[in-house]
Amino acid sequence: MSLYGVPADYAIGMQLEEEETVKSWRPGSQLVYRLLVHSRHPNDPRGIEEFNTMMQNLAQHIQDEYSITDKDVVKMFDVLVKEDQPNVLKKILNHPLIPCAAYTGAIAKNALKQAIRTGASKVLEFLIDENVQVIATDTADKTKYDEVRSLIFNILQSVRIGYHKLNSQHAIVAHKFWTYLADGWYAAYHSSHKQKDAQSHDEALIKYTKNDNNDGLSLDDALMRNRQLKFMIRSPLIMHSIYKYIQSSLNGKKYVSKLKPIIMFVCEHFMTFDDEHDLQELHRLCEEDVVCDCSALKPFAIKRSHALQQQYGATKNIANVQLFWSEYIMVKLFNDFLGIDPSKLNTPKRMQQYGGLRTDMYESSEREEMLFCVRYIAANGAAKHLNDTLLPLLIDYKKQFIKNKDDEQEIQRLFDAVEYGNNIWTLKEMRQDEKYQLFDQSALPFQLIALIVSFVVL
């Protein structure tokens, strides 16, 4: 076991070494050790005081290129990000004698991602102020798709961790960096590449704003921020990255607890689940992107998971899913809520054996969360495919699997959930005057009607 990539002997319990022994080590190892001492024993002078002394006279300690290695720098960044100590990190970042510590380097970028994932808000704010780059704005140096996907992964991972730990700090960090990313994303796609040729390297970099929420922003600035957020969430690359994260999270019986905070976060940042682009078209749009290098992008190959009875022996290949939310996520939620496992229904004999509802496969609390996700996803766009995808599947399931009244009650809960979501989505899609006309004949007070119309949420 190790802490921050440092042998456990120096971390767990932190048994301190003799000073003569420590001073015999390479300077890089000494710096890492001092930071670990400071993290475990904040008041020990052999920690931060010795670290500061070494940094003030670092040139005297450097003998060759092996005095401080890249691994030493990675370990130092790891310690300071985990401990959320930007005041110490600023002594390392961009230091001319420390290799690969530049704000444009890979170590600084990885530290930014780690700060997002661990909820280190102070370090995140510092690295953003130092203009650590996550998106290239120069066409000659395109941002790799894997880098974009990694950023989205770390943001959504922070959301999920904070949700399960009931830690609002992770949600704040995720929102803050999502906003910064939207600012940079918008700038990258709207900048003039011709003007950049005459600019210096630093001038061509994205300049992040320091406002981290809409509080205190002027109306124009708030509208601009929302414009940036909406622009980014509609980007095929961002959608593709979110889909990849969700797909990788749908494993195990507890997957719905991972799905729930993610769909709420992306929806609150202007994402809709209406499958505007099918997966093939989404992949094509990503390949045509002019800012990011999508050469490593792989298409989705998700097999349809419905459990409808087939003409066994005649069916050769199972078709791939085309609509991510309607044909993949919603169908998976339907199957799991009803306890249907399509993989076990591949022959007439197995259909006869397993072709029934098994509502005991998941705990009641998990099944309630599944219903919540069905309502939420339908209410935020999936209801667009209610009549052509969702309802026909549920109707066929009802004909095929319902054996008694209990089964009928269970599947009716899904019908009710999608209809509930459809009502909300219909209301969201209406014009304001149509919404007021809808409530015109009701006995509700006008102020309550105005509140409902202006704040349509699930």
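In this structure, the separation between OH on Y328 and NZ on K303 is 13.5 Å, given to the nearest 0.5 Å. With rounding to the nearest 0.5 angstrom, the CG atom of D44 is 11.5 Å from the CD1 atom of I48. Note that NZ of K113 and CZ of F177 are 9.0 Å apart. Values are rounded to the nearest 0.5 Å. Between T426 atom OG1 and K384 atom NZ the span is 13.0 Å, to the nearest 0.5 Å. Annotation: the span from N110 atom CG to D78 atom CG amounts to 9.0 Å, rounded to 0.5 Å. In this structure, S364 OG and M370 CE are separated by 11.0 Å, a value rounded to the nearest 0.5 Å.
By the 6.0 Å contact criterion, CD on E429 is enclosed, its count of non-hydrogen atoms from other residues, nucleotides or ligands being greater than 12. When the shell of 6.0 Å around OH of Y66 is examined, it contains 12 or fewer heavy atoms from other residues, nucleotides or ligands. With a 6.0 Å radius and a threshold of 12 heavy atoms from other residues, nucleotides or ligands, Q247 has its CD atom above the threshold. Within 6.0 Å of CD in E65 there are more than 12 heavy atoms belonging to other residues, nucleotides or ligands. Summarising the local packing, CD of Q63 is surrounded by 12 or fewer heavy atoms from other residues, nucleotides or ligands at distances under 6.0 Å.
Side chain of E327 to main chain of Q322: a donor-acceptor pair is present (N/O by atom type, distance under 3.5 Å, no hydrogens or angles). Under a 3.5 Å cut-off, the side chain of Y33 and the backbone N or O of E17 do form a donor-acceptor pair. Counting only distance, with no hydrogens or angles, the side chain of N422 and the backbone of V418 share no donor-acceptor pair below 3.5 Å. Side chain of R160 to backbone of P261: no donor-acceptor contact under 3.5 angstrom is found. Side-chain atoms of H95 do not come within 3.5 Å of backbone N or O of K91 as any donor-acceptor pair. Counting only distance, with no hydrogens or angles, the side chain of S158 and the backbone of N154 share no donor-acceptor pair below 3.5 Å. Remark: side-chain polar atoms of T389 are not paired, donor with acceptor, to backbone N or O of L386 under 3.5 angstrom. With S39 contributing its side chain and L36 its backbone, the two residues share a donor-acceptor pair below 3.5 Å.
The shortest non-hydrogen separation linking H385 to D274 is NE2-O, 3.2 Å. Here the closest non-hydrogen pair linking V159 and A174 is CG2-CB, 3.5 Å. Closest heavy-atom contact between W425 and G381: CE3-N, 3.4 Å. Residues C373 and V256 approach most closely at SG-CG2, 3.9 Å, considering heavy atoms. Here the closest heavy-atom approach between residue A120 and residue V81 is recorded as CB-O, 3.4 Å. Between L390 and A382 the shortest heavy-atom distance is CD1-O, 3.7 Å.
Within the cation-pi definition used here (under 6.0 Å to the ring centroid, within 45° of the axis), K244 qualifies as a partner of F300. A cation-pi arrangement is not found for R367 relative to Y362, the charged atom failing to lie both closer than 6.0 Å to the ring centre and inside a 45° cone about the ring normal.
Two residues are said to be in side-chain contact when any heavy atoms from C-beta on lie closer than 4.5 Å; M430 and L427 meet this criterion. Residues H61 and S67 fail the side-chain proximity criterion, which asks for heavy atoms closer than 4.5 Å. A heavy-atom distance below 4.5 Å is found between the side chains of N335 and P342. Looking only at side-chain heavy atoms (C-beta outward), Y180 and E125 come within less than 4.5 Å of each other. The shortest distance between side-chain heavy atoms of Q85 and H38 falls below 4.5 Å. Counting heavy atoms from C-beta on, the side chains of L414 and L371 come closer than 4.5 Å. Inter-residue side-chain proximity for I68 and L58 is flagged as met; some heavy-atom pair is nearer than 4.5 Å. Counting heavy atoms from C-beta outward, C292 and W185 have side chains that approach closer than 4.5 Å.
Between R413 and E368, at least one side-chain N (NZ, or NE/NH1/NH2) sits under 4.0 Å from a carboxylate O, which counts as a salt bridge. Using a 4.0 Å cut-off between charged nitrogen and carboxylate oxygen, D146 and K144 do not count as a salt-bridge pair. Contact check on D221 versus R225 returns no salt bridge, with no Lys/Arg side-chain nitrogen under 4.0 Å from an Asp/Glu carboxylate oxygen. At a threshold of 4.0 Å, the pair K23-E18 does not count as salt-bridged, since none of the basic side-chain nitrogens sits closer than that to a carboxylate oxygen. We find that R284 and E287 are not joined by a salt bridge, their nearest charged nitrogen and carboxylate oxygen being 4.0 Å or further apart. We find that D84 and K122 are not joined by a salt bridge, their nearest charged nitrogen and carboxylate oxygen being 4.0 Å or further apart. Using a 4.0 Å cut-off between a side-chain N of Lys or Arg and a carboxylate O of Asp or Glu, R26 and D72 qualify as a salt bridge. Salt bridge R34/E19: present, at least one basic N to carboxylate O contact under 4.0 Å.
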Worked verdict on V173 versus I155 for side-chain contact (heavy atoms from CB on, under 4.5 Å): CA-CA 8 Å; V173 167; I155 293 172; over 6 Å; no
Evaluation steps, side-chain contact (heavy atoms from CB on, under 4.5 Å), between F77 and L35: CA-CA 10 Å; F77 270 80; L35 291 178; over 6 Å; no
Intermediate values then yes/no, side-chain contact (heavy atoms from CB on, under 4.5 Å), L338 and T359: CA-CA 5 Å; L338 298 173; T359 56; 5.7 Å; no
Audit row: F51, V37, side-chain contact (heavy atoms from CB on, under 4.5 Å) steps and yes/no: CA-CA 10 Å; F51 176 85; V37 172; over 6 Å; no
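Side chains of D275 and S326: a donor-acceptor N/O pair is present below 3.5 angstrom, by distance only. Under the 3.5 Å distance criterion, with hydrogens and angles disregarded, a donor-acceptor pair is assigned to the side chains of Y245 and Q157. Between the side chains of K258 and N251, no donor N or O sits under 3.5 Å from an acceptor N or O.
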Show me the donor-acceptor pairs within less than 3.5 Å that the side chains of residues 233-240 make with the rest of the protein, sequence neighbours left out.
unit_1: S235; atom_1: OG; unit_2: L237; atom_2: N; d: 3.4
unit_1: H240; atom_1: ND1; unit_2: Y145; atom_2: OH; d: 3.0

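Between F273 and Y376, the ring planes lie tilted relative to each other; the angle falls in the 30° to 60° range. By the 30° and 60° cut-offs, the orientation of the rings of H190 relative to Y186 is parallel.
Here the options are F270, W178, Y163, the test is ring pair (Phe, Tyr, Trp, His ring centres under 6.0 Å), and the partner is F265; only W178 passes.
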